[in-house]
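Note that these values count all heavy atoms, side chains included, but never hydrogens, waters or copies made by symmetry.
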Amino acid sequence: MKNTVQKNRQYLTRCKEDLERAENHGDSEKYSLALANYAYALGINKKFEQSVENFNQAEILAGTQVEDVNVLVQGLSLRALMYQEAKRLPDAFRTVGRILQIAEEEGDRGIECDGLANQGQILLESGEFMESFNRFQRAEQLAQQLEDPTRLMKVKGALANLSLSVPSLEKAELYYRQGLELARELADRETEFGYLGNLGAVLAWQGRHQGAVEIFEEVLAHYQEMGDDEKVIQVLRKLVKSYNQLEKDQKVLDYAFQGIDLLDDQVDEVVFDFLEAVILSYFRQGKLQQAQNMIADAITIARSSGDKTREVEFLIDLGESFLASEMIDRARETYQEALAGAEELEHKNFQAYLTGRLGYTSAELGELKKAVEYHQQAITLAQENHLAELEGSQHSMLAVTYRELGEMEKALEHGQKAVDIFQLAELDAETKQAQSLVDELQDLA
């Protein structure tokens, strides 16, 4: 897949060629539109000064030599979009304000509808949710009055996106279903499958994974038929996540490996998502050797890409797999390597967790005094970083370690601290487990 920078450069080249052809053709309308498209292409390639100059030229031409006001509106819409993508949202909002002024002067409710929807999107990106909703609602009303299903379909999608930001998943689902129905009526296949994919995502966020995978399967078949590998990969990513939640391991493996093959050695967050899904599936099935092999590959990929955070995460996974395989020495060595990486990153949560794991493995190896030191360090780190669950678990582990050392008073002290911490954090299952440990210790004392 081509990256965004390459695509933007190629788009700039095409727009420049189109501009030259329009100039030679001598048609003012086509030249004005080509100039606006070229200005937009300059903007997304971060050539802002040149972009603004060309937009100004396009607007002067559209306002003086072109009779169709829609040409001027199209140019202004592209300018607003360029500002949005550059995160210059006030400039984008003001530009759409000019479009709404034209709509009022011309009495054109279609232009007004589009302008309101555009302002709604800009306000959504700005975090102004109520104002965004007001604009979208007015645009929806206009689209209904105009009996324009295409505009109404687009506004439904915008309202769904706003509902996700608020968030209100129920309303998002409703708007996506309404937009999907309109897209099907209009035979707009691109929008139909875009909304269908979004609907699947909403169901997944609601925990309705069976319904989600049924939708994602349909979307996947469409994009595979279209030969759109980029969208296929994104749908595979969603399918893998939902099938993981359903614990359907063969589906997870099938789709994750399809995604890895399509990525073809490209390293980004998506490939790591697929690798993590495969690793989790192998763990769940008890296929520890396959999990270790996949983790080793993942660590190599993370190191080759310079992603230290991912490297540490996969080292933690590797340590867990060694622990599950009762290879305690190798688990401890791996945790130590991961801890060195976490310290380099200054990642306190990783440091706290890994220090605790070193305490646990030391205890398993019979090095009880060393285990006590590690658990005490982990408690300090957990307290400093407000990690109540980890802090409580370390007190429980200290209680067990002191029991093995024959120091029952300290064992009871730390066991009770674990209970208190878990209760305060409202961790019911952990509280019950810690209380059982305290009861056991009291019987032994």
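Salt bridge status for Glu344 with Lys308: present, with a side-chain N to carboxylate O gap under 4.0 Å. A salt bridge between Arg138 and Asp114 is absent, with no side-chain N of the basic residue lying under 4.0 Å from a carboxylate O of the acidic one. Glu230 and Lys7 are joined by a salt bridge, as a carboxylate oxygen and a charged side-chain nitrogen come within less than 4.0 angstrom of each other. The pair Arg109-Glu104 does not count as a salt bridge, with every side-chain nitrogen at least 4.0 angstrom from each carboxylate oxygen.
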List, one per line, each side-chain donor-acceptor pair under 3.5 Å for residues 14-22, sequence neighbours excluded.
| residue | atom | partner | partner atom | Å |
| --- | --- | --- | --- | --- |
| Asp18 | OD1 | Arg21 | NH2 | 2.3 |

Enumerate, atom names and distances included, each donor-acceptor pair closer than 3.5 Å involving a side-chain atom of residues 194-201, sequence neighbours excluded.
| residue | atom | partner | partner atom | Å |
| --- | --- | --- | --- | --- |
| Tyr195 | OH | Met153 | O | 2.7 |
| Tyr195 | OH | Gly157 | N | 3.3 |
| Asn198 | ND2 | Gly194 | O | 3.4 |

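With respect to Tyr83, the side chain to side chain donor-acceptor pair (under 3.5 Å) criterion is satisfied by exactly one of Glu85, Lys87, Arg79: Arg79.
Residues forming a ring pair (Phe, Tyr, Trp, His ring centres under 6.0 Å) with His347 (at least two apart in sequence, or on another chain): Phe350. For Phe314, the ring pair (Phe, Tyr, Trp, His ring centres under 6.0 Å) partners two or more places apart in sequence, or in a different chain, are Phe272. The ring pair (Phe, Tyr, Trp, His ring centres under 6.0 Å) test applied to Phe193 returns His222, not counting sequence neighbours.
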Inset, instruction - Begin from the C-alpha positions of Gln336 and Arg357 and carry the test side-chain contact (heavy atoms from CB on, under 4.5 Å) through to its verdict. - result: CA-CA 9 Å; Gln336 286 171 334; Arg357 295 314 268 168; over 6 Å; no
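Between Arg284 and Asn244, the side chains place a donor N or O and an acceptor N or O closer than 3.5 Å (distance only, hydrogens not considered). Between Glu389 and Ser393, the side chains place no donor N or O within less than 3.5 Å of an acceptor N or O (distance only, hydrogens not considered). Side-chain contact of Gln6 with Tyr11: a donor-acceptor pair under 3.5 Å is absent, judged by distance alone. A donor atom on one side chain and an acceptor atom on the other are found under 3.5 Å apart for Gln210 and Lys248. Using a 3.5 Å distance cut-off with no hydrogens or angles, the side chains of Tyr175 and Glu140 do not pair a donor with an acceptor. The closest side-chain donor-acceptor pair between Gln351 and Glu343, if any, does not fall under 3.5 angstrom. Under the 3.5 Å distance criterion, with hydrogens and angles disregarded, a donor-acceptor pair is assigned to the side chains of Gln289 and Asn293.
Counted within 6.0 Å of NZ on Lys238, heavy atoms from surrounding residues, nucleotides or ligands total more than 12; the atom is thus considered enclosed. Other residues, nucleotides and ligands contribute more than 12 heavy atoms inside 6.0 Å of the CD atom of Gln290. For Glu181, the CD atom is loosely surrounded, since the number of other residues' heavy atoms within 6.0 Å does not exceed 12.
Residues in residues 22-38 take part in these side chain to side chain donor-acceptor pair (under 3.5 Å) pairs, two or more places apart or across chains: Ser28-Gln65.
Separating the OH atom in Tyr335 from the CD1 atom in Ile316 is a distance of 8.5 Å, to the nearest 0.5 Å. Taken from CD in Gln144 to SG in Cys113, the straight-line distance is 10.0 Å, to the nearest 0.5 Å. Put simply, CZ on Arg151 and CG on Leu116 are 11.0 Å apart, with the number rounded to the nearest 0.5 Å.
For the pair Lys241 and Asp273, the minimum side-chain heavy-atom distance is below 4.5 Å. Taking 4.5 Å as the limit, some side-chain heavy atom of Lys47 sits within range of a side-chain heavy atom of Leu12.
In this structure a side-chain-to-backbone donor-acceptor pair under 3.5 Å is missing from Glu311 to Asp307. Under a 3.5 Å cut-off, the side chain of Asn45 and the backbone N or O of Asn8 do form a donor-acceptor pair.
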